[in-house]
Structures are given as structure tokens and as C-alpha cells.
Amino acid sequence: MENYGYTKTENMQNQQSNVPYRSEKKIPAALLGILVGWLALNKFYLGYTKEGIIQLVLNVITFGAASVIPFIEGILYLFMSDKQFDDTYVYEKKGWL
């Protein structure tokens, strides 16, 4: 079978470029923030240990009132594009909103 001037690697690159970008951490981080944000699991899941500890301390000091912060972050995560989420929270390591 002829490949009409395309090599196998070029054909594979063209097929991969048609696949939309998917973030592996976006949905789990968003769900953790919305459902169990008071435990700061979304911060720990993304690798932000210092921010996670700060969030836990804030929740203890404010008797859970600070758990609205990870709830809002979880909603923001859901409305971001996958590429924007990875650029902001995975690669650039932006710890807070």
C-alpha cells in the first residue's frame, strides 16, 4: 500500500493533533475541592503541600468557614479549559486563586 509521500511518523503526528487536549488532574482536583474542600485535598492532590496545610489551619481557626475557598476553586477549575488549567496549576504552580 502506498503512503503518497507521508511517512508513518508524520501520519501519527497529524492524527495526534486532531485529538483535543485533556488534563488528567482537572476533574479530580475540581471534585475534591467541591466535595471535600474542608480537608484541602485538592491542594494536596495538585502537589501544594504548604497551601494545603494553610487551608487546613484556616478551616480549624474559622470553624470551617474557610472551606468556601476550595469550593469556589473547584468550580473555577471546572470552567477552565484543560490547557489553561494545566498551564496555571500544574506547570506554573500557582497555589491560590
**Message:** Quick check against the 3.5 Å criterion: does Thr88 have a side-chain atom that pairs as donor or acceptor with the backbone of Phe85?
**Reply:** no
**Prompt:** Where do Leu56 and Trp38 land on the side-chain contact (heavy atoms from CB on, under 4.5 Å) test, with the steps shown first?
**Reply:** CA-CA 7 Å; Leu56 281 173; Trp38 57 277; over 6 Å; no
**Message:** Nearest 0.5 Å, please: how far is CG in Leu76 from CD in Glu73?
**Reply:** 7.5 Å
**Request:** In sequence, state the C-alpha distance, the side-chain angles, and the governing distance for Lys43 and Lys50, and then conclude on side-chain contact (heavy atoms from CB on, under 4.5 Å).
**Result:** CA-CA 9 Å; Lys43 296 291 185 190; Lys50 180 177 69 174; over 6 Å; no
**Fill in**
Rounding to 0.5 Å, atoms CG (Asn42) and CG (Leu35) come to a distance of 10.5 Å
**Message:** Under the side-chain contact (heavy atoms from CB on, under 4.5 Å) test against Leu32, which residue among Leu41, Leu46, Leu39, Ile27 passes?
**Reply:** Leu41
**Request:** Please determine if Lys83 forms a cation-pi arrangement with Tyr21, meaning its NZ or CZ atom is less than 6.0 Å from the six-membered ring centre and no more than 45° off the ring axis.
**Result:** yes
**Message:** Under a 3.5 Å cutoff, is there a donor and acceptor pairing between the side chains of Ser23 and Asp86?
**Reply:** yes
**Asked** Atom CD1 of Ile69 and atom CG of Leu58: how far apart are they, to the nearest 0.5 Å?
**Response** 6.0 Å
**Asked** So, the side chain of Gln55 versus the backbone of Ala66: is there a donor-acceptor pair under 3.5 Å, distance only?
**Response** yes
**Request:** List the steps and the verdict of side-chain contact (heavy atoms from CB on, under 4.5 Å) for Ile72 and Tyr77.
**Result:** CA-CA 9 Å; Ile72 293 171; Tyr77 294 165; over 6 Å; no
**Message:** I want to know whether Tyr48 and Tyr89 have ring centres closer than 6.0 Å.
**Reply:** no
